[in-house]
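All chains are named by letter (A, B, ...) in the order of the sequence lines, taking the proteins before the strands, and each is independently numbered beginning at 1.
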Number of protein chains: 2
Amino acid sequence: MPPYDPSAFPPFAVTVDLVVLTVRRHALCTLVVRRGEAPYQGRWALPGGFVRADEDLGAAAARELVEETGLCAHDPAAPPPVPSNGAHLEQLATYGAPDRDPRMRVVSVAHLALAPDLPAPRAGGDANSARWAPVEELLGEDMIAGTVVSADGAEAGDDPEGTGKSGGPEALAFDHARILADGVERARSKIEYSSLATAFCPPEFTVGELRRVYEAVWGVSLDPRNFHRKVTGTPGFLVPAGGTTTRQGGRPAQLFRAGGATLLNPPMLRPEV
Amino acid sequence: MPPYDPSAFPPFAVTVDLVVLTVRRHALCTLVVRRGEAPYQGRWALPGGFVRADEDLGAAAARELVEETGLCAHDPAAPPPVPSNGAHLEQLATYGAPDRDPRMRVVSVAHLALAPDLPAPRAGGDANSARWAPVEELLGEDMIAGTVVSADGAEAGDDPEGTGKSGGPEALAFDHARILADGVERARSKIEYSSLATAFCPPEFTVGELRRVYEAVWGVSLDPRNFHRKVTGTPGFLVPAGGTTTRQGGRPAQLFRAGGATLLNPPMLRPEV
DNA sequence: GCAAAAGTGTTCCCTTTACACCCATGT
DNA sequence: ACATGGGTGTAAAGGGAACACTTTTGC
């Protein structure tokens, strides 16, 4: 890179933050890590890190995703966000209020990742410094503005399952509650008109499992019969995989794979209330 | 801002770029400015500039918008993007490929602005260094990748109206063709389910004028009868303004103002093809 | 009168919705 | 046998597409 007068523009730190969503036990959950350093020490935060000097933004997000979860996402530069063996990853929005980090001027390019249910988070080897937290627990109305509900950095306790509520609600660090809210809203609206909900499922899944994804993300219940007709009736949305079955209770269900169609038209209608 | 070790992270320049869209003469147009400096000198580019040291991203975009067009937009931090006396402004996406600017590492937070038809662009006093260009002219398939169609920086000639095609197609500087394409796509999809199309209209407008906005942005023609029923039948979408009329051809039409409803449900359906 | 744009009414068709009903497994 | 979830059939209600028709201006 040729030399350039650095006094011509103010220098910024650029980071990527990740909203990693998954569905665990019928609840929409997000990955949060415990902060070990100065500002907001001990508080939960979204995973993220600095963009390297010669790294693209999407590449930085994909690298952070691997570091935090081991998930391998497609390069988001490729236009159709088809899930591979890993997760869906897309850019969400950029947050750059001058006072969002007290240490320095940081602009954070937030990304949204959607992943199937994973065994347990591993954050740089430190097991209990990362967990899947139900978003409902993190976004309880008054927490979005950044207000601290439990004023101190109260411990959430040890939770081997990774989804427990032992710690009670606690505001996320920085403006991460706002970022999380924006990511959840993006996911909620995008599954209406796209095949994105399949990114929450394993490679092969049943119609019922896909329906439970919609129900968890939207927080509603859907008619199983009409849902089945809708998703199987849209050409290219689902393709039968081997035709075999699996079980989760009653009659064995047909297994499907996500089809080539990425757009769902007409869209899935989200019920009111 | 407290001191911090600047060697802990690579420094970036952060800019805002603007996709300013309007509808002129039944065509969707965008504001482009002539580059006077080193890389891509003489080529057209999207307006933009550096974010200042203590400036929010949205504030920087609003400032650039005023500098380039005189338009006064609402602070995009306010959640509902209601158009005021000025334009609609929202964040679009962030572009940060390591080689997108040969001089240095630049991350650009692109914003999308929607404005009613304006008399003529004024770019920092230099009149013929800015123009409204039809997007169709700038996004002719092969131009999105950044390829130069007319290899040199051919002059577009003097064009007092600001919309002329005298220069013929020429690729935009940097990755601005990609940014413009993303902004156009955002506008095209967002007018489906929101009242955003009214941002292209003056404060008071007729149903026919609003329909011609949809037709220009989508590049289709819509049934005037069904369109009228659709927009007037959605409660809160349009409110009668004074009830007076205006003319553009036949029978006088009722004047409307944008109503409080920002979401259009069920959405306006975009015809195929 | 004629052209042009603004509105209104009506019919057809497709989708959603709600729900009755049957199918295939585990206990 | 019974509970549980998977899947099909069907009729009523709602909304969009297409188009006939009336209204009100300018020329």
Side-chain angles (χ1 to χ4, degrees), chain A residues 25-26 191-193 201 204-216 218 220-257 261 263-273, chain B residues 25-26 191-193 201 204-216 218 220-257 261 263-273:
Chain A
R25 306 169 171 184
H26 284 198
I191 64 174
E192 291 185 31
Y193 57 89
C201 297
E204 298 193 348
F205 52 90
T206 68
V207 173
E209 289 163 359
L210 184 62
R211 175 173 47 81
R212 280 181 279 274
V213 164
Y214 276 92
E215 292 176 332
W218 284 344
V220 299
S221 50
L222 301 172
D223 187 305
R225 290 85 58 116
N226 293 334
F227 183 88
H228 185 280
R229 216 192 326 267
K230 173 80 180 174
V231 295
T232 58
T234 301
F237 187 58
L238 296 183
V239 291
T244 62
T245 70
T246 186
R247 61 226 31 140
Q248 138 138 5
R251 161 177 171 181
Q254 203 176 351
L255 280 173
F256 291 91
R257 215 179 279 279
L263 255 42
L264 184 54
N265 200 302
M268 183 86 59
L269 293 186
R270 168 154 44 158
E272 320 283 326
V273 180
Chain B
R25 306 170 171 184
H26 284 199
I191 65 174
E192 289 184 30
Y193 57 90
C201 296
E204 299 192 349
F205 52 89
T206 69
V207 174
E209 287 163 0
L210 183 62
R211 175 173 48 82
R212 279 181 280 275
V213 164
Y214 275 91
E215 292 177 331
W218 283 344
V220 299
S221 49
L222 301 172
D223 186 304
R225 292 85 57 119
N226 293 333
F227 183 88
H228 186 279
R229 216 194 328 269
K230 175 80 178 170
V231 295
T232 57
T234 302
F237 187 58
L238 295 183
V239 292
T244 61
T245 70
T246 186
R247 62 224 32 138
Q248 141 136 11
R251 163 177 166 180
Q254 203 177 351
L255 280 173
F256 291 92
R257 213 178 280 277
L263 255 43
L264 186 53
N265 200 302
M268 183 85 60
L269 292 186
R270 169 154 43 159
E272 320 283 325
V273 179

- For Ile191(B) and Tyr214(B), the nearest pair of non-hydrogen atoms, with its separation, is O-OH, 3.0 Å
- Message: Restricting to non-hydrogen atoms, name the atom on Met268(A) and the atom on Val231(A) that form the minimum distance, rounded to 0.1 Å.
- Response: CE-CG1, 3.8 Å
- Item | Glu209(A) or Gly250(B), whichever maps to the more 5' nucleotide of DNA chain D |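 Result: Glu209(A).
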- Message: For His26(A), is there any backbone N or O sitting under 3.5 Å from a side-chain donor or acceptor partner on Glu215(A)?
- Response: no
Atom [atom1] of [X] and atom [atom2] of [N]: how far apart are they, to the nearest Å?
X: Arg251(B); N: dT25(D); atom1: CZ; atom2: P; result: 8 Å
X: Leu222(A); N: dC19(C); atom1: CG; atom2: P; result: 15 Å
X: Phe227(B); N: dA17(D); atom1: CZ; atom2: P; result: 12 Å

- Any side-chain heavy-atom pair from Glu192(B) and Trp218(B) closer than 4.5 angstrom? yes
- Query: Does some side-chain heavy atom of Pro266(A) sit less than 4.5 Å from a side-chain heavy atom of Lys230(A)?
  - Reply: yes
- Query: Of all the nucleotides listed (dG6(D), dT25(D), dG7(C)), which has the minimum atom distance to the side chain of Thr206(A)?
  - Reply: dG6(D)
- Task: With rounding to the nearest 0.5 Å, note down the distance linking OG1 in Thr206(A) to CZ in Arg211(A).
- Result: 8.5 Å
- Query: Along nucleotides 11-18 of chain C, 5' to 3', which nucleotides get a B, which get an S, and which get a -, given that the test is a protein heavy-atom distance under 4.0 Å?
  - Reply: ----SSBB
- Query: Between His228(A) and dG6(D), is there a side-chain N or O to OP1/OP2 distance below 4.0 Å?
  - Reply: no
